[in-house]
*Asks:* 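Got a structure for you, questions after.
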There are 2 protein chains.
Amino acid sequence: MAKSRTASAQGRAKVTAMAKPRGGNALRPLATKAASAQDARKARGLERRDAILTAALEEFSARGFEATRLDDVAARARIAKGTIYLYFRDKETLFQELIRAMLTPLVGTIEALGAADVPLAVLADRLVDIFVREVYETRRKDVVRLMITEGRRFPKIAEFYYREVLSHIIGAMRAILRRAAARGEVPAELVDFPQILVAPGLVAIIWSGLFERFEPLDVRAMMKTHVALVLAARKKA
Amino acid sequence: MAKSRTASAQGRAKVTAMAKPRGGNALRPLATKAASAQDARKARGLERRDAILTAALEEFSARGFEATRLDDVAARARIAKGTIYLYFRDKETLFQELIRAMLTPLVGTIEALGAADVPLAVLADRLVDIFVREVYETRRKDVVRLMITEGRRFPKIAEFYYREVLSHIIGAMRAILRRAAARGEVPAELVDFPQILVAPGLVAIIWSGLFERFEPLDVRAMMKTHVALVLAARKKA
DNA sequence: GAATACTGACTGACTGGTCAGTCATTTATA
DNA sequence: TATAAATGACTGACCAGTCAGTCAGTATTC
(Lines give C-alpha, C1' and ligand atoms only; values in the text may rest on other atoms or scores of the structure.)
Protein backbone atom coordinates (compact mmCIF):
# COMPACT_ATOMS: atom_id res chain seq x y z
CA MET A 1 0.00 0.00 0.00
CA ALA A 2 1.11 3.57 0.52
CA LYS A 3 1.63 3.77 -3.18
CA SER A 4 -0.40 6.92 -3.55
CA ARG A 5 1.00 9.08 -6.26
CA THR A 6 0.77 12.29 -4.19
CA ALA A 7 3.19 10.93 -1.62
CA SER A 8 6.19 12.87 -2.80
CA ALA A 9 4.82 16.39 -2.92
CA GLN A 10 4.05 17.79 0.49
CA GLY A 11 0.31 18.25 0.76
CA ARG A 12 -0.14 21.24 -1.49
CA ALA A 13 -2.92 19.62 -3.42
CA LYS A 14 -5.40 19.74 -0.61
CA VAL A 15 -5.03 23.40 0.18
CA THR A 16 -5.14 24.49 -3.44
CA ALA A 17 -8.25 22.48 -4.06
CA MET A 18 -9.89 24.04 -1.06
CA ALA A 19 -8.86 27.52 -2.07
CA LYS A 20 -10.66 27.18 -5.38
CA PRO A 21 -13.75 29.30 -4.88
CA ARG A 22 -15.70 27.60 -7.65
CA GLY A 23 -17.66 30.52 -9.17
CA GLY A 24 -20.06 31.93 -6.59
CA ASN A 25 -23.69 31.07 -7.03
CA ALA A 26 -26.52 33.47 -6.37
CA LEU A 27 -28.47 32.39 -3.35
CA ARG A 28 -31.25 30.08 -4.17
CA PRO A 29 -34.06 28.37 -2.28
CA LEU A 30 -32.53 25.31 -0.70
CA ALA A 31 -35.09 22.88 -2.06
CA THR A 32 -34.66 23.94 -5.66
CA LYS A 33 -30.95 24.00 -5.39
CA ALA A 34 -30.83 20.56 -3.86
CA ALA A 35 -33.23 19.18 -6.42
CA SER A 36 -31.32 20.54 -9.38
CA ALA A 37 -28.06 19.28 -7.99
CA GLN A 38 -29.69 15.93 -7.52
CA ASP A 39 -30.97 15.96 -11.08
CA ALA A 40 -27.65 16.94 -12.49
CA ARG A 41 -26.02 14.11 -10.62
CA LYS A 42 -28.57 11.62 -11.83
CA ALA A 43 -28.21 12.88 -15.39
CA ARG A 44 -24.46 12.49 -15.22
CA GLY A 45 -24.95 8.99 -13.93
CA LEU A 46 -27.15 8.02 -16.85
CA GLU A 47 -24.68 9.58 -19.22
CA ARG A 48 -21.89 7.49 -17.74
CA ARG A 49 -24.00 4.38 -17.99
CA ASP A 50 -24.64 5.08 -21.63
CA ALA A 51 -21.00 5.69 -22.32
CA ILE A 52 -20.15 2.35 -20.76
CA LEU A 53 -22.82 0.54 -22.74
CA THR A 54 -21.68 2.15 -25.96
CA ALA A 55 -18.08 1.19 -25.35
CA ALA A 56 -19.12 -2.31 -24.32
CA LEU A 57 -21.10 -2.76 -27.53
CA GLU A 58 -18.06 -1.84 -29.54
CA GLU A 59 -15.73 -4.19 -27.69
CA PHE A 60 -18.11 -7.10 -27.30
CA SER A 61 -19.06 -7.12 -30.94
CA ALA A 62 -15.46 -6.86 -32.07
CA ARG A 63 -14.08 -9.57 -29.77
CA GLY A 64 -16.93 -11.60 -28.27
CA PHE A 65 -17.77 -11.90 -24.60
CA GLU A 66 -14.83 -13.91 -23.29
CA ALA A 67 -12.13 -12.09 -25.18
CA THR A 68 -13.36 -8.63 -24.23
CA ARG A 69 -11.32 -6.99 -21.50
CA LEU A 70 -13.11 -4.61 -19.19
CA ASP A 71 -9.92 -2.58 -19.17
CA ASP A 72 -10.53 -1.92 -22.84
CA VAL A 73 -14.18 -1.07 -22.29
CA ALA A 74 -13.14 1.39 -19.61
CA ALA A 75 -10.46 2.93 -21.80
CA ARG A 76 -12.91 3.36 -24.64
CA ALA A 77 -15.45 4.99 -22.32
CA ARG A 78 -12.66 7.14 -20.90
CA ILE A 79 -13.21 6.08 -17.34
CA ALA A 80 -11.42 3.85 -14.86
CA LYS A 81 -12.23 0.19 -14.72
CA GLY A 82 -13.59 0.44 -11.22
CA THR A 83 -16.27 2.82 -12.41
CA ILE A 84 -17.87 0.10 -14.48
CA TYR A 85 -18.57 -1.76 -11.26
CA LEU A 86 -20.46 1.21 -9.89
CA TYR A 87 -22.99 0.78 -12.68
CA PHE A 88 -23.01 -2.96 -13.36
CA ARG A 89 -22.60 -5.88 -11.01
CA ASP A 90 -20.21 -7.79 -13.25
CA LYS A 91 -19.20 -8.48 -16.82
CA GLU A 92 -22.13 -10.76 -17.49
CA THR A 93 -24.66 -8.26 -16.19
CA LEU A 94 -23.16 -5.60 -18.40
CA PHE A 95 -23.57 -7.94 -21.35
CA GLN A 96 -27.17 -8.71 -20.50
CA GLU A 97 -28.06 -5.05 -20.00
CA LEU A 98 -26.53 -4.26 -23.37
CA ILE A 99 -28.74 -6.78 -25.09
CA ARG A 100 -31.78 -5.61 -23.20
CA ALA A 101 -31.18 -1.96 -23.99
CA MET A 102 -30.70 -2.59 -27.70
CA LEU A 103 -33.36 -5.14 -28.51
CA THR A 104 -36.29 -4.43 -26.21
CA PRO A 105 -37.41 -1.36 -28.18
CA LEU A 106 -37.81 -3.48 -31.31
CA VAL A 107 -40.57 -5.60 -29.87
CA GLY A 108 -43.17 -2.85 -29.74
CA THR A 109 -42.50 -1.86 -33.32
CA ILE A 110 -42.89 -5.39 -34.62
CA GLU A 111 -45.99 -6.15 -32.59
CA ALA A 112 -47.70 -2.94 -33.66
CA LEU A 113 -46.97 -3.76 -37.24
CA GLY A 114 -48.20 -7.30 -36.89
CA ALA A 115 -51.52 -6.09 -35.53
CA ALA A 116 -52.38 -4.20 -38.71
CA ASP A 117 -54.79 -6.19 -40.83
CA VAL A 118 -53.48 -5.52 -44.31
CA PRO A 119 -52.54 -7.76 -47.23
CA LEU A 120 -49.41 -9.81 -46.65
CA ALA A 121 -47.74 -8.24 -49.66
CA VAL A 122 -47.87 -4.85 -47.97
CA LEU A 123 -46.96 -6.09 -44.53
CA ALA A 124 -44.04 -8.10 -45.77
CA ASP A 125 -42.56 -5.09 -47.51
CA ARG A 126 -42.82 -3.10 -44.32
CA LEU A 127 -41.21 -5.86 -42.29
CA VAL A 128 -38.32 -6.15 -44.68
CA ASP A 129 -37.87 -2.43 -44.56
CA ILE A 130 -37.85 -2.37 -40.78
CA PHE A 131 -35.41 -5.25 -40.61
CA VAL A 132 -32.99 -3.62 -43.01
CA ARG A 133 -33.23 -0.12 -41.62
CA GLU A 134 -33.58 -0.84 -37.92
CA VAL A 135 -31.44 -3.93 -37.58
CA TYR A 136 -29.22 -4.74 -40.49
CA GLU A 137 -27.94 -1.23 -41.03
CA THR A 138 -27.49 -0.43 -37.36
CA ARG A 139 -25.58 -1.68 -34.36
CA ARG A 140 -28.52 -3.90 -33.57
CA LYS A 141 -27.16 -6.24 -36.17
CA ASP A 142 -24.12 -6.76 -33.96
CA VAL A 143 -26.28 -7.34 -30.93
CA VAL A 144 -28.31 -10.00 -32.73
CA ARG A 145 -25.06 -11.55 -33.82
CA LEU A 146 -23.82 -11.51 -30.22
CA MET A 147 -26.99 -13.21 -29.14
CA ILE A 148 -26.43 -15.91 -31.74
CA THR A 149 -22.76 -16.42 -30.99
CA GLU A 150 -22.75 -16.12 -27.19
CA GLY A 151 -26.26 -17.12 -26.22
CA ARG A 152 -25.44 -20.77 -25.77
CA ARG A 153 -22.99 -20.12 -23.00
CA PHE A 154 -25.37 -17.83 -21.14
CA PRO A 155 -28.61 -19.73 -20.67
CA LYS A 156 -30.03 -16.93 -18.56
CA ILE A 157 -29.47 -14.43 -21.32
CA ALA A 158 -30.87 -16.79 -23.92
CA GLU A 159 -33.93 -17.25 -21.77
CA PHE A 160 -34.34 -13.52 -21.28
CA TYR A 161 -33.99 -12.98 -25.00
CA TYR A 162 -36.50 -15.68 -25.81
CA ARG A 163 -39.01 -14.41 -23.28
CA GLU A 164 -38.68 -10.70 -23.91
CA VAL A 165 -37.90 -10.53 -27.58
CA LEU A 166 -38.08 -13.64 -29.68
CA SER A 167 -41.35 -15.10 -28.46
CA HIS A 168 -43.06 -11.79 -29.20
CA ILE A 169 -41.65 -11.62 -32.67
CA ILE A 170 -42.50 -15.24 -33.39
CA GLY A 171 -45.99 -14.61 -32.01
CA ALA A 172 -46.51 -11.59 -34.21
CA MET A 173 -45.29 -13.52 -37.23
CA ARG A 174 -47.63 -16.37 -36.46
CA ALA A 175 -50.58 -14.01 -36.22
CA ILE A 176 -49.66 -12.45 -39.52
CA LEU A 177 -49.31 -15.85 -41.16
CA ARG A 178 -52.56 -17.11 -39.72
CA ARG A 179 -54.48 -14.22 -41.23
CA ALA A 180 -52.61 -14.56 -44.50
CA ALA A 181 -53.32 -18.27 -44.65
CA ALA A 182 -57.00 -17.62 -43.98
CA ARG A 183 -57.01 -15.33 -46.97
CA GLY A 184 -55.23 -17.94 -49.04
CA GLU A 185 -52.19 -15.73 -49.44
CA VAL A 186 -49.91 -18.40 -48.08
CA PRO A 187 -49.90 -22.21 -47.56
CA ALA A 188 -51.39 -23.18 -44.21
CA GLU A 189 -48.35 -25.19 -43.08
CA LEU A 190 -46.29 -22.04 -43.00
CA VAL A 191 -48.14 -20.97 -39.87
CA ASP A 192 -46.22 -23.65 -37.98
CA PHE A 193 -42.86 -22.27 -39.03
CA PRO A 194 -42.62 -18.52 -38.72
CA GLN A 195 -38.87 -19.15 -38.47
CA ILE A 196 -38.86 -19.62 -42.22
CA LEU A 197 -39.85 -16.00 -42.67
CA VAL A 198 -37.02 -14.77 -40.51
CA ALA A 199 -34.35 -17.19 -41.64
CA PRO A 200 -32.85 -15.19 -44.52
CA GLY A 201 -32.43 -12.20 -42.21
CA LEU A 202 -30.44 -14.22 -39.73
CA VAL A 203 -28.37 -15.84 -42.42
CA ALA A 204 -27.57 -12.41 -43.80
CA ILE A 205 -26.34 -11.31 -40.39
CA ILE A 206 -24.13 -14.36 -40.04
CA TRP A 207 -22.88 -14.05 -43.61
CA SER A 208 -21.98 -10.40 -43.20
CA GLY A 209 -19.81 -11.24 -40.23
CA LEU A 210 -17.99 -14.18 -41.76
CA PHE A 211 -17.96 -14.12 -45.52
CA GLU A 212 -18.84 -10.65 -46.73
CA ARG A 213 -15.23 -10.07 -47.70
CA PHE A 214 -15.20 -13.10 -50.01
CA GLU A 215 -18.64 -12.74 -51.48
CA PRO A 216 -20.79 -9.68 -50.77
CA LEU A 217 -24.49 -10.18 -50.21
CA ASP A 218 -27.27 -7.77 -51.13
CA VAL A 219 -29.55 -8.27 -48.14
CA ARG A 220 -32.39 -6.17 -49.38
CA ALA A 221 -32.51 -8.02 -52.70
CA MET A 222 -32.33 -11.35 -50.96
CA MET A 223 -35.15 -10.46 -48.59
CA LYS A 224 -37.28 -9.24 -51.48
CA THR A 225 -36.66 -12.45 -53.39
CA HIS A 226 -37.62 -14.44 -50.38
CA VAL A 227 -40.81 -12.47 -49.85
CA ALA A 228 -41.71 -12.94 -53.50
CA LEU A 229 -41.14 -16.65 -53.07
CA VAL A 230 -43.47 -16.85 -50.11
CA LEU A 231 -46.15 -14.82 -51.83
CA ALA A 232 -45.90 -16.78 -55.07
CA ALA A 233 -46.52 -20.02 -53.23
CA ARG A 234 -50.13 -19.15 -52.50
CA LYS A 235 -52.87 -21.51 -53.42
CA LYS A 236 -53.87 -20.90 -56.99
CA ALA A 237 -57.59 -20.67 -56.36
CA MET B 1 -16.77 -25.42 -13.45
CA ALA B 2 -17.20 -29.13 -13.06
CA LYS B 3 -14.08 -30.62 -11.67
CA SER B 4 -13.86 -34.22 -12.75
CA ARG B 5 -10.20 -34.48 -11.90
CA THR B 6 -10.26 -35.71 -8.35
CA ALA B 7 -7.72 -38.46 -8.83
CA SER B 8 -5.38 -37.21 -6.16
CA ALA B 9 -5.34 -40.39 -4.12
CA GLN B 10 -3.33 -43.52 -4.70
CA GLY B 11 -5.48 -44.45 -7.71
CA ARG B 12 -3.11 -43.00 -10.24
CA ALA B 13 -3.87 -45.36 -13.08
CA LYS B 14 -1.43 -43.96 -15.56
CA VAL B 15 -0.38 -46.65 -17.98
CA THR B 16 -4.00 -47.59 -18.28
CA ALA B 17 -4.29 -44.86 -20.82
CA MET B 18 -2.53 -47.01 -23.34
CA ALA B 19 -4.41 -50.13 -22.35
CA LYS B 20 -7.77 -48.42 -22.74
CA PRO B 21 -9.10 -48.99 -26.25
CA ARG B 22 -10.94 -45.71 -25.83
CA GLY B 23 -14.27 -46.27 -27.53
CA GLY B 24 -14.96 -46.68 -31.19
CA ASN B 25 -16.09 -43.30 -32.45
CA ALA B 26 -13.46 -42.65 -35.06
CA LEU B 27 -13.16 -39.49 -37.05
CA ARG B 28 -11.38 -41.44 -39.68
CA PRO B 29 -11.89 -44.90 -41.21
CA LEU B 30 -10.15 -47.66 -39.37
CA ALA B 31 -6.62 -48.14 -40.61
CA THR B 32 -5.84 -51.29 -42.51
CA LYS B 33 -3.92 -53.90 -40.57
CA ALA B 34 -0.44 -52.77 -39.77
CA ALA B 35 2.05 -54.68 -41.87
CA SER B 36 5.15 -53.46 -40.12
CA ALA B 37 6.27 -51.93 -36.88
CA GLN B 38 6.51 -48.62 -38.63
CA ASP B 39 2.90 -48.88 -39.67
CA ALA B 40 1.84 -49.91 -36.20
CA ARG B 41 3.46 -46.85 -34.75
CA LYS B 42 1.90 -44.61 -37.33
CA ALA B 43 -1.46 -46.20 -36.70
CA ARG B 44 -1.17 -45.60 -32.98
CA GLY B 45 -0.27 -42.03 -33.73
CA LEU B 46 -3.38 -41.57 -35.83
CA GLU B 47 -5.44 -43.17 -33.11
CA ARG B 48 -4.10 -40.70 -30.58
CA ARG B 49 -4.79 -37.87 -32.95
CA ASP B 50 -8.35 -39.04 -33.36
CA ALA B 51 -8.82 -39.38 -29.63
CA ILE B 52 -7.66 -35.81 -29.20
CA LEU B 53 -9.94 -34.54 -31.94
CA THR B 54 -12.90 -36.39 -30.50
CA ALA B 55 -12.28 -34.99 -27.05
CA ALA B 56 -11.73 -31.53 -28.49
CA LEU B 57 -15.03 -31.69 -30.35
CA GLU B 58 -16.81 -32.50 -27.14
CA GLU B 59 -15.20 -29.72 -25.18
CA PHE B 60 -15.26 -27.04 -27.86
CA SER B 61 -18.91 -27.58 -28.64
CA ALA B 62 -19.86 -27.54 -24.99
CA ARG B 63 -17.88 -24.44 -24.02
CA GLY B 64 -16.75 -22.59 -27.10
CA PHE B 65 -13.17 -21.94 -28.16
CA GLU B 66 -12.00 -19.51 -25.49
CA ALA B 67 -13.56 -21.24 -22.53
CA THR B 68 -12.23 -24.67 -23.44
CA ARG B 69 -9.25 -25.74 -21.38
CA LEU B 70 -6.71 -27.98 -23.01
CA ASP B 71 -6.33 -29.66 -19.63
CA ASP B 72 -9.91 -30.82 -19.99
CA VAL B 73 -9.39 -31.97 -23.56
CA ALA B 74 -6.40 -33.98 -22.41
CA ALA B 75 -8.27 -35.47 -19.48
CA ARG B 76 -11.15 -36.49 -21.73
CA ALA B 77 -8.75 -38.08 -24.20
CA ARG B 78 -6.95 -39.77 -21.26
CA ILE B 79 -3.59 -38.33 -22.13
CA ALA B 80 -1.36 -35.65 -20.66
CA LYS B 81 -1.66 -32.11 -21.87
CA GLY B 82 1.81 -32.12 -23.35
CA THR B 83 0.80 -34.92 -25.69
CA ILE B 84 -1.62 -32.62 -27.47
CA TYR B 85 1.34 -30.52 -28.49
CA LEU B 86 2.97 -33.52 -30.13
CA TYR B 87 0.07 -33.64 -32.57
CA PHE B 88 -1.07 -30.04 -32.92
CA ARG B 89 0.94 -26.85 -32.91
CA ASP B 90 -1.44 -24.96 -30.65
CA LYS B 91 -5.04 -24.59 -29.57
CA GLU B 92 -6.08 -22.71 -32.68
CA THR B 93 -4.57 -25.31 -35.00
CA LEU B 94 -6.40 -28.03 -33.10
CA PHE B 95 -9.62 -26.13 -33.63
CA GLN B 96 -8.99 -25.66 -37.33
CA GLU B 97 -8.08 -29.32 -37.84
CA LEU B 98 -11.26 -30.33 -36.10
CA ILE B 99 -13.36 -28.29 -38.48
CA ARG B 100 -11.45 -29.58 -41.45
CA ALA B 101 -11.77 -33.22 -40.41
CA MET B 102 -15.50 -32.97 -39.83
CA LEU B 103 -16.69 -30.86 -42.72
CA THR B 104 -14.43 -31.63 -45.66
CA PRO B 105 -16.05 -35.04 -46.30
CA LEU B 106 -19.42 -33.38 -46.79
CA VAL B 107 -18.33 -31.45 -49.84
CA GLY B 108 -17.95 -34.46 -52.09
CA THR B 109 -21.37 -35.77 -51.15
CA ILE B 110 -23.10 -32.50 -51.89
CA GLU B 111 -21.26 -31.88 -55.13
CA ALA B 112 -21.99 -35.38 -56.41
CA LEU B 113 -25.63 -34.91 -55.61
CA GLY B 114 -25.74 -31.52 -57.27
CA ALA B 115 -24.34 -32.96 -60.48
CA ALA B 116 -27.30 -35.29 -60.97
CA ASP B 117 -29.71 -33.86 -63.49
CA VAL B 118 -33.04 -34.77 -61.94
CA PRO B 119 -36.18 -32.76 -61.16
CA LEU B 120 -35.76 -30.32 -58.30
CA ALA B 121 -38.52 -32.00 -56.34
CA VAL B 122 -36.44 -35.17 -56.15
CA LEU B 123 -33.15 -33.45 -55.55
CA ALA B 124 -34.54 -31.25 -52.84
CA ASP B 125 -35.85 -34.24 -50.94
CA ARG B 126 -32.46 -35.87 -51.10
CA LEU B 127 -30.72 -32.71 -49.92
CA VAL B 128 -33.03 -32.35 -46.97
CA ASP B 129 -32.44 -35.96 -46.09
CA ILE B 130 -28.70 -35.58 -46.24
CA PHE B 131 -28.79 -32.44 -44.17
CA VAL B 132 -30.90 -34.02 -41.47
CA ARG B 133 -29.09 -37.36 -41.37
CA GLU B 134 -25.52 -36.23 -41.97
CA VAL B 135 -25.49 -32.90 -40.23
CA TYR B 136 -28.43 -32.17 -37.98
CA GLU B 137 -28.47 -35.54 -36.29
CA THR B 138 -24.72 -35.86 -35.93
CA ARG B 139 -21.84 -34.06 -34.31
CA ARG B 140 -21.42 -32.12 -37.52
CA LYS B 141 -24.25 -29.95 -36.33
CA ASP B 142 -22.01 -28.84 -33.48
CA VAL B 143 -19.15 -28.15 -35.83
CA VAL B 144 -21.31 -25.99 -38.05
CA ARG B 145 -22.47 -24.19 -34.94
CA LEU B 146 -18.88 -23.69 -33.87
CA MET B 147 -18.10 -22.25 -37.27
CA ILE B 148 -20.97 -19.80 -36.89
CA THR B 149 -20.18 -18.80 -33.34
CA GLU B 150 -16.40 -18.65 -33.44
CA GLY B 151 -15.65 -17.97 -37.08
CA ARG B 152 -15.64 -14.23 -36.72
CA ARG B 153 -12.70 -14.26 -34.37
CA PHE B 154 -10.66 -16.59 -36.56
CA PRO B 155 -10.53 -15.04 -39.99
CA LYS B 156 -8.15 -17.72 -41.17
CA ILE B 157 -10.57 -20.43 -40.22
CA ALA B 158 -13.47 -18.57 -41.77
CA GLU B 159 -11.48 -18.23 -44.96
CA PHE B 160 -10.56 -21.90 -44.96
CA TYR B 161 -14.17 -22.82 -44.38
CA TYR B 162 -15.39 -20.55 -47.14
CA ARG B 163 -12.82 -21.80 -49.61
CA GLU B 164 -12.96 -25.50 -48.85
CA VAL B 165 -16.57 -26.00 -47.87
CA LEU B 166 -19.03 -23.20 -48.30
CA SER B 167 -18.10 -22.00 -51.76
CA HIS B 168 -18.48 -25.56 -53.05
CA ILE B 169 -21.87 -25.98 -51.46
CA ILE B 170 -23.05 -22.59 -52.69
CA GLY B 171 -21.70 -23.44 -56.12
CA ALA B 172 -23.54 -26.76 -56.20
CA MET B 173 -26.73 -25.06 -55.07
CA ARG B 174 -26.39 -22.44 -57.75
CA ALA B 175 -25.95 -25.09 -60.42
CA ILE B 176 -29.01 -26.90 -59.18
CA LEU B 177 -31.04 -23.72 -59.12
CA ARG B 178 -29.87 -22.68 -62.58
CA ARG B 179 -31.08 -25.92 -64.08
CA ALA B 180 -34.30 -25.78 -62.10
CA ALA B 181 -34.92 -22.22 -63.24
CA ALA B 182 -34.29 -23.22 -66.85
CA ARG B 183 -37.00 -25.83 -66.45
CA GLY B 184 -39.31 -23.26 -64.90
CA GLU B 185 -39.33 -25.12 -61.58
CA VAL B 186 -38.24 -22.05 -59.70
CA PRO B 187 -38.18 -18.25 -60.17
CA ALA B 188 -35.03 -17.09 -61.92
CA GLU B 189 -34.06 -14.60 -59.19
CA LEU B 190 -33.53 -17.46 -56.79
CA VAL B 191 -30.34 -18.36 -58.64
CA ASP B 192 -28.72 -15.26 -57.13
CA PHE B 193 -29.49 -16.34 -53.59
CA PRO B 194 -28.73 -19.98 -52.93
CA GLN B 195 -28.45 -18.89 -49.30
CA ILE B 196 -32.23 -18.84 -49.18
CA LEU B 197 -32.28 -22.58 -49.72
CA VAL B 198 -29.90 -23.22 -46.86
CA ALA B 199 -31.24 -20.64 -44.45
CA PRO B 200 -33.80 -22.78 -42.61
CA GLY B 201 -31.15 -25.40 -41.95
CA LEU B 202 -28.85 -22.88 -40.31
CA VAL B 203 -31.67 -21.35 -38.33
CA ALA B 204 -32.60 -24.80 -37.09
CA ILE B 205 -29.04 -25.34 -35.88
CA ILE B 206 -28.99 -22.03 -34.06
CA TRP B 207 -32.45 -22.60 -32.65
CA SER B 208 -31.59 -26.02 -31.34
CA GLY B 209 -28.68 -24.61 -29.40
CA LEU B 210 -30.50 -21.67 -27.88
CA PHE B 211 -34.23 -22.15 -27.69
CA GLU B 212 -35.04 -25.81 -28.08
CA ARG B 213 -35.84 -26.05 -24.38
CA PHE B 214 -38.48 -23.34 -24.62
CA GLU B 215 -39.99 -24.27 -27.93
CA PRO B 216 -38.98 -27.46 -29.74
CA LEU B 217 -38.61 -27.37 -33.49
CA ASP B 218 -39.31 -30.18 -35.92
CA VAL B 219 -36.48 -29.63 -38.38
CA ARG B 220 -37.53 -32.17 -40.90
CA ALA B 221 -41.07 -30.77 -41.09
CA MET B 222 -39.71 -27.24 -41.38
CA MET B 223 -37.36 -28.19 -44.18
CA LYS B 224 -40.15 -29.97 -46.02
CA THR B 225 -42.41 -26.96 -45.67
CA HIS B 226 -39.68 -24.75 -47.00
CA VAL B 227 -39.02 -27.01 -49.97
CA ALA B 228 -42.73 -27.10 -50.73
CA LEU B 229 -42.72 -23.31 -50.62
CA VAL B 230 -39.89 -23.05 -53.08
CA LEU B 231 -41.42 -25.58 -55.43
CA ALA B 232 -44.88 -23.99 -55.24
CA ALA B 233 -43.45 -20.66 -56.33
CA ARG B 234 -42.74 -21.92 -59.84
CA LYS B 235 -44.04 -20.06 -62.79
CA LYS B 236 -47.56 -21.16 -63.47
CA ALA B 237 -47.20 -21.85 -67.18
C1' DG C 1 -18.25 35.81 1.86
C1' DA C 2 -14.81 32.77 3.42
C1' DA C 3 -13.29 28.93 5.98
C1' DT C 4 -14.27 24.23 7.25
C1' DA C 5 -16.42 19.74 7.14
C1' DC C 6 -18.58 16.33 4.56
C1' DT C 7 -19.99 13.34 0.65
C1' DG C 8 -19.74 10.00 -2.77
C1' DA C 9 -18.26 9.42 -7.54
C1' DC C 10 -14.20 8.01 -9.36
C1' DT C 11 -9.62 5.97 -9.64
C1' DG C 12 -6.04 2.40 -10.61
C1' DA C 13 -2.65 -0.56 -8.25
C1' DC C 14 -3.19 -4.89 -6.53
C1' DT C 15 -4.81 -9.82 -5.59
C1' DG C 16 -6.07 -14.30 -6.60
C1' DG C 17 -7.05 -17.43 -9.87
C1' DT C 18 -6.73 -19.26 -14.53
C1' DC C 19 -4.56 -21.50 -18.34
C1' DA C 20 -1.68 -21.91 -22.86
C1' DG C 21 2.42 -23.54 -23.82
C1' DT C 22 7.26 -25.55 -22.29
C1' DC C 23 10.67 -28.89 -21.11
C1' DA C 24 13.33 -31.92 -17.94
C1' DT C 25 12.23 -36.36 -16.78
C1' DT C 26 10.11 -40.86 -17.18
C1' DT C 27 8.19 -44.72 -19.79
C1' DA C 28 7.48 -47.57 -23.87
C1' DT C 29 9.21 -49.50 -27.99
C1' DA C 30 12.55 -51.29 -31.54
C1' DT D 1 20.68 -49.93 -25.17
C1' DA D 2 19.03 -46.26 -28.09
C1' DT D 3 15.36 -43.79 -29.69
C1' DA D 4 10.82 -42.14 -29.73
C1' DA D 5 6.68 -41.05 -27.15
C1' DA D 6 4.48 -39.37 -23.31
C1' DT D 7 4.18 -36.99 -19.05
C1' DG D 8 2.82 -33.28 -15.76
C1' DA D 9 4.97 -29.72 -12.86
C1' DC D 10 6.07 -25.35 -13.87
C1' DT D 11 6.17 -20.52 -15.81
C1' DG D 12 4.69 -16.30 -17.43
C1' DA D 13 1.03 -13.66 -19.12
C1' DC D 14 -3.43 -12.31 -18.52
C1' DC D 15 -7.57 -10.34 -16.44
C1' DA D 16 -12.03 -9.99 -13.47
C1' DG D 17 -13.03 -7.99 -9.59
C1' DT D 18 -11.58 -5.25 -5.13
C1' DC D 19 -10.76 -1.46 -2.11
C1' DA D 20 -7.92 2.16 0.07
C1' DG D 21 -7.37 6.50 -1.28
C1' DT D 22 -8.41 11.07 -3.89
C1' DC D 23 -10.79 15.17 -4.98
C1' DA D 24 -14.55 18.10 -7.02
C1' DG D 25 -18.44 19.67 -5.50
C1' DT D 26 -21.87 20.62 -1.69
C1' DA D 27 -23.45 21.87 2.91
C1' DT D 28 -22.56 24.15 7.22
C1' DT D 29 -20.75 27.46 10.17
C1' DC D 30 -19.21 31.93 11.55
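Order of the sequence lines sets the chain letters (A, B, ...), proteins ahead of strands, with each chain counted from 1. Computed from a predicted structure; not experimentally measured.
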*Asks:* For a quick check of understanding: with a heavy-atom distance under 4.0 Å over all strands, which category does B:Phe88 fall into, base, sugar-phosphate or nothing?
*Replies:*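 No contact at all - B:Phe88 keeps every heavy atom at 4.0 Å or more from the nucleic acid.
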
*Asks:* Whole Å only: how far is the CG atom of B:Leu94 from the C1' atom of C:dC19?
*Replies:*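 Answer to the nearest Å: 15 Å.
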
*Asks:* If you check every side-chain atom of A:Ala80, which of D:dA6, C:dT11, C:dG21 has the closest atom?
*Replies:*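 The nucleotide sitting nearest to the side chain is C:dT11.
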
*Asks:* Does the plane of the ring in A:Phe95 sit parallel, tilted or perpendicular to the ring in A:Phe60? Use 30° and 60° as the thresholds.
*Replies:*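 Geometry flag for A:Phe60 against A:Phe95: perpendicular rings.
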
*Asks:* To the nearest angstrom, how far is A:Leu86 atom CG from D:dG17 atom P?
*Replies:*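 Whole-Å distance recorded here is 14 Å.
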
*Asks:* Rounded to whole angstroms, how far apart are OH on B:Tyr85 and C1' on D:dA9?
*Replies:*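 In whole Å, D:dA9 C1' lies 15 Å from B:Tyr85 OH.
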
*Asks:* Measure NZ/A:Lys91 against C1'/C:dT18 and give the value in whole Å, please.
*Replies:*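 Rounding to the nearest Å, NZ of A:Lys91 and C1' of C:dT18 are 13 Å apart.
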
*Asks:* What is the distance from CG of A:Asp71 to P of C:dA13, rounded to the nearest Å?
*Replies:*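 Taking atom P of C:dA13 as the reference, CG of A:Asp71 is at 11 Å.
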
*Asks:* When the distance from CG of A:Leu70 to C1' of C:dT11 is rounded to whole Å, what number comes out?
*Replies:*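 So the two atoms are 15 Å apart, to the nearest Å.
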
*Asks:* Look at the side chain of A:Lys81 and decide which nucleotide, out of C:dG12, D:dA16, C:dA20, has an atom nearest to it.
*Replies:*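 Among the listed nucleotides, the one closest to the side chain of A:Lys81 is D:dA16.
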
*Asks:* What's the closest nucleotide to the side chain of A:Asp90 if the choices are C:dA20, C:dC10, D:dG17?
*Replies:*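 Minimum distance to the A:Asp90 side chain belongs to D:dG17.
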
*Asks:* Please tell me whether A:Phe65 and A:Phe154 form a close aromatic pair, meaning their ring centres lie under 6.0 Å apart.
*Replies:*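 Aromatic pair counts; centres sit under 6.0 Å.
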
*Asks:* Fit a plane to each ring of B:Trp207 and B:Phe211, take the angle between them on a 0 to 90° scale, and name the class: parallel (under 30°), tilted (30 to 60°) or perpendicular (over 60°).
*Replies:*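 Ring orientation of B:Trp207 relative to B:Phe211: perpendicular.
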
*Asks:* With a 4.0 Å limit, can you tell me whether B:Arg89 has a side-chain N or O closer than that to the phosphate oxygens OP1/OP2 of C:dG21?
*Replies:*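 For B:Arg89, the contact criterion (side-chain N or O under 4.0 Å from OP1 or OP2 of C:dG21) is not met.
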
*Asks:* Any donor and acceptor pair, going by atom type alone, linking the side chain of B:Thr93 with main-chain N or O of B:Phe88 inside 3.5 Å?
*Replies:*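 Checking the backbone N and O of B:Phe88 against the side chain of B:Thr93, no donor-acceptor pair under 3.5 Å is found.
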
*Asks:* Strictly below 4.0 Å: does B:Arg69 bring a side-chain N or O up to OP1 or OP2 of C:dT18?
*Replies:*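 Answer is no, no contact under 4.0 Å.
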
*Asks:* Once you round it to whole Å, what is the distance between C1' of D:dT7 and CD1 of B:Ile79?
*Replies:*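 Going from B:Ile79 (CD1) to D:dT7 (C1'), I get 10 Å.
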
*Asks:* Measure CD1/B:Ile84 against P/D:dA5 and give the value in whole Å, please.
*Replies:*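 Taking atom P of D:dA5 as the reference, CD1 of B:Ile84 is at 17 Å.
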
*Asks:* Ignoring hydrogens and geometry beyond distance, is a side-chain donor-acceptor pair present between A:Tyr162 and B:Glu215 at under 3.5 Å?
*Replies:*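 Yes, because at least one side-chain N or O of A:Tyr162 sits under 3.5 Å from a partner of the opposite role on B:Glu215.
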
*Asks:* On DNA chain D, check which nucleotide each of A:Ala67 and A:Gly82 is closest to and give me the residue with the more 5' one.
*Replies:*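 Nearest-nucleotide comparison on DNA chain D picks A:Ala67.
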
